Colleague: 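Mind looking over this structure? Questions follow.
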Amino acid sequence: MNEWLETLKSSSFLIPTIGAVKAVAICMFALNVGVILTWVERRLRGMIQDCIGPNRAAIPIPGKVAAVVLALGPGVTVAAAILGAAIYLDSESTSNPGWGMLFFQGGVFVTWLTFAAIARGARKTGATNAIEKEIAALGSPRSIALVGVCVQVVLFLFGLSPAYTGKTVDFIFAGGAALFAGMLFAAAAHVAYRYSQEKTVRLTLLGLLHPAADGLKTAFKADFIPPKGDRLLYNLAPWITLLPALVLLAVVPFGPTMCFETDALGNPDFFAFQGLEMAGQRCSSASYSMMVADLDVGILYFFAMAGTGIVGAALAGWASDNKFSLLGGMRAASQMVSYEVTLGLTVVGALMIYGTVRIDEMILWQSENAWGIFVQPLAFFLFFAAAIAETKRIPFDLPEGESEIVAGYFTEYSGMKFAMFFFSEFIAVVCSSTLLVALFLGGWHLPFITGNGIEVALGETVYYSSSFEPRLIAALGVLAFVGKVLGVCVLQVFIRWTLPRFRYDQLMRLGWRKLLPASLVNVMATATIWLAIDSASEAVAAKMAWLGQLSMVFLAALGLAAFVGLVIYLFIPSDKRRLVVNSSARFAELMGGTQEAKLEA
Amino acid sequence: MSAETTTRERFQTEALGPQQVKGIYIERPTRNAAVQGYVPDIIKGLGKTIGHALRNTKDMALGTRNDPVLESISDGINTLSYPEQKRPYPERFRGVHRLTQRDDGSPRCVACLCCSTACPAQCIHIEAGDYEGDQKREGYERYPKRFVIDEIRCIFCGYCVEACPCDAIRMDTGIHPAPYDSRDQFLYEKDLLLAIPGRAGDHASENPRVERGDPEYPGIDRDHGH
């Protein structure tokens, strides 16, 4: 075993292989988020406009098979994984208070969630066995959930209190792991029982299969090529649009840089983890960053690649031999050129402050001082507007304005080639959101999370601190980054369903006469203020550091408030009024509602 | 000025229509700094859309969405997933025809041809026949040997039901005609029409039929002639 490891370590293929894996992973990230985004866009459209949205694609699975594959299998696996982790942590004697509390909270959460779900099912379609009847008799789903959340809050406060030490930790650790695994298994068993009662289970994945089915459909659609068009350019254009969008993410770090010991070849030794590059800590030995290409040009590469996206749209418009396509291509080219200027200039202010063009170092600066949105608030809004215009999406989707030029530059495209244009637009959204998060929203950084754990500190006073495994913090960083990117993507989708399209002259006026001067003013103001602060006394620097910490407190409070607000919002009962005046409604009432099929969608 | 005030006051105080709905007077938008600045109104609009999405997503996740028929006036998703979910047709909905039956299962129809005469689409075809060997009915009543309705030609006007003196044909099945592959399948024969139940699930009609020989039989019969 050790020998094999040694050969692997000394192999010259290891680093390139991991690089390739990273590249594939990041491409898959862009593609998958693109797919999810198409779904989110359609589904959110439904939710905004008070209808269901596409969710009809389903894979029918026989009930007995579904019970094993969809319920029992995953349930047993996860439960076993939790028990295994608990036993491993115990044997390593790292059964620290944090892990115990995490297990226990998870157990309580799964318990109340299962009970509430069973109670709801029993209320809706009647209890099918004695256990369900007992659970339904406990109370309404709402009250069960309320009790569960209260227990969780009490547990959370208990975990923070000094009483949580010694024997209690051991009890909470063992009990929590057992409860978590046991309840997961019980919930899975219950779902399996319900599935096995049914003849077929329709697997819809919340409607996620719908874009998959649509994508599959485009692959089989007729591929029309205009007879008098330029065949070569026509076929090339979708690729020229899609590929730059895919390589954009190469310079974006998805998590904190990891430090390893240097091995004999000068490469990082992946089996000797040392820590993370975070908040004041720098790697003393070999480092490995979570980006595909460790380029010193950083963000310049991003802009260079994003710029080539114009070529695809313009070529598609030209090669289609269609006046509408040509108009669309012209519009796309002029719009993207116009807004690229603003996009580049808004970043200049940020570059001055961060003092680097490398995105990983920008995120490090933000984690040590304050998020970019606080130091460059105007640039954030300008960048956001310009980024939406760059991705040619509503309200800036003039290049494909249906009401004027059919579908713009992809009027003549069909089948998979159309899908590639469609898809590269969504990938461009993912990329611009990624850059926005990296530049202005702290990237993978979360307030008060340091390289060694959680530390809530203001100035010199430390209010709370607990240590965590650095590798888990790296994973948390990746999750935070992906979460932020998804959040910004969803915000863009909301903007898409909120705003109407601009007129073309309005678009140009906004770009050249409003956003561009504003970004120039931003550069000037940033330079002046930055110079003033840089040459000011120590006291001013201390004041700025204090303001930076205040911004972190604000962010943490905002996050907490949003979470608590969401939980409270979920408990507010929805106001439903019955109106039974006509015979149609009377018939429905007699049937117990329009329940020929369950009203879930 | 006064006209505008009165309209506004009327909207805010009066409750209009049978549902007694009170109106909301919406101010005409003015070109102030907030509107011209674009950003505040974008945020307001975003708040509206996000509010809708949150409310509906919560309803879907917690399974508390509206019943699309019973709670159709509540805010939220009122979509019916047809054909898995169906809105029940109203009581007087004219659906596919049925022939009502007597207690012994024979058709109430006496083949008088009133319905086929009244039919503007001429989609009813009846061949009349005599009851043979039926002591009670022979020589008095006829019955339809064939009774065919072409449901694709039918315009569902309900004149046949109005015309029928015996309450033998009804359209109270609550079924809409299904689409078929060929025209032949739209020809509903007597057996099929007799087999379709009414909304209540039986084959009788709401008007009781008093048969010949019953004590309360009002008309003439074999024993009590003119």
Side-chain angles (χ1 to χ4, degrees), chain A residues 43-53 55-56 116-117 120-121 123-124 141-142 145 206 381 385 395 490-491 493-499 510 514 566 569-570 572-601, chain B residues 17-21 36-93 95 172-174 199-201:
Chain A
R43 205 68 207 265
L44 269 187
R45 198 273 305 166
M47 293 295 123
I48 288 167
Q49 300 177 358
D50 290 347
C51 60
I52 294 176
N55 68 332
R56 304 304 284 275
R120 180 166 82 80
R123 287 194 158 209
K124 222 167 174 195
R142 181 184 305 279
L206 297 167
F381 285 106
V490 170
L491 183 64
V493 170
F494 273 121
I495 288 173
R496 183 238 184 283
W497 290 115
T498 304
L499 299 178
L510 181 70
K514 302 233 167 70
L566 187 70
Y569 178 71
L570 285 177
I572 297 171
S574 40
D575 171 37
K576 304 281 180 210
R577 279 189 298 157
R578 285 210 153 191
L579 181 73
V580 185
V581 287
N582 54 17
S583 59
S584 181
R586 269 207 315 280
F587 281 130
E589 200 180 31
L590 275 177
M591 282 153 47
T594 316
Q595 301 280 8
E596 206 166 318
K598 282 177 223 135
L599 275 170
E600 280 119 29
Chain B
Q19 300 281 326
Q20 294 293 293
V21 176
Q36 294 294 89
Y38 204 62
V39 176
D41 271 24
I42 288 183
I43 291 168
K44 256 202 268 176
L46 270 177
K48 204 86 180 163
T49 42
I50 291 177
H52 271 253
L54 266 182
R55 201 248 339 265
N56 291 332
T57 311
K58 172 189 159 190
D59 270 3
M60 293 293 258
L62 300 185
T64 54
R65 63 166 284 210
N66 298 350
D67 186 311
V69 175
L70 298 178
E71 290 156 351
S72 57
I73 53 163
S74 300
D75 290 336
I77 301 170
N78 289 318
T79 319
L80 271 165
S81 294
Y82 190 87
E84 287 92 359
Q85 295 174 329
K86 284 172 186 159
R87 186 189 305 278
Y89 285 122
E91 209 161 12
R92 294 176 64 182
F93 169 76
D172 62 352
T173 49
R199 265 246 165 106

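Here the structure is a predicted model, which means the values were calculated and not measured. Excluded from the calculations below are hydrogen atoms, water molecules and symmetry mates; all remaining heavy atoms, backbone and side chain alike, are included. Just so we're on the same page: letters track the sequence lines, and every chain starts at 1.
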Colleague: Please name the pair of heavy atoms, one in B:P68 and one in B:S72, separated by the smallest distance, quoted to 0.1 Å.
Modeller: O-CB, 3.3 Å
Colleague: By a 4.5 Å heavy-atom criterion (distance strictly below it), what part of A:Y569 contacts chain B: side chain, backbone, both, or neither?
Modeller: both
Colleague: Look at A:L491, A:N582, A:L570, A:L44 and state which one has the largest set of heavy-atom pairs under 4.5 Å with chain B.
Modeller: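 Of A:L491, A:N582, A:L570, A:L44, A:L570 has the most heavy-atom pairs under 4.5 Å with chain B.
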Colleague: Between A:M47 and B:I77, is a side chain to side chain contact (heavy atoms under 4.5 Å, CB included) present by the stated rule, with each step listed?
Modeller: CA-CA 8 Å; A:M47 293 295 123; B:I77 301 170; 3.8 Å; yes
Colleague: Hey, which of B:D59, B:T64, B:V69, B:L70 has the most heavy atom pairs under 4.5 Å with chain A?
Modeller: B:L70
Colleague: Please assess B:N78 against B:R65 for the test side chain to side chain contact (heavy atoms under 4.5 Å, CB included), listing each intermediate value before the final yes or no.
Modeller: CA-CA 8 Å; B:N78 289 318; B:R65 63 166 284 210; 6.0 Å; no
Colleague: What pairs with A:L579 under side chain to side chain contact (heavy atoms under 4.5 Å, CB included), at least two apart in sequence or on another chain?
Modeller: A:V581, B:Q19, B:I73
Colleague: Contact part of B:Y38 toward chain A, heavy-atom cut-off under 4.5 Å: side chain, backbone, both or neither?
Modeller: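 Just the side chain, heavy atoms under 4.5 Å.
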Colleague: Nearest heavy-atom pair of B:R199 and B:G174: which atoms, and what distance?
Modeller: NH2-CA, 3.6 Å
Colleague: Where on B:D41 is there a heavy atom nearer than 4.5 Å to chain A: the side chain, the backbone, both, or neither?
Modeller: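 The answer is neither part of B:D41.
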Colleague: Most heavy-atom pairs under 4.5 angstrom with chain A, which of B:I42, B:T57, B:I50?
Modeller: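 Heavy-atom pair counts peak at B:I50.
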Colleague: Chain B heavy atoms under 4.5 Å from A:R586: which part of the residue, side chain, backbone, both or neither?
Modeller: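 For A:R586, side-chain heavy atoms alone lie under 4.5 Å from chain B.
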Colleague: I'd like to know if B:R55 and A:D575 make a salt bridge, using a cut-off of under 4.0 Å between side-chain N and carboxylate O.
Modeller: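 No salt bridge links B:R55 with A:D575.
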Colleague: Check each atom of A:R142 against the heavy atoms of chain B and say whether the ones under 4.5 Å are side chain, backbone, both or neither.
Modeller: neither
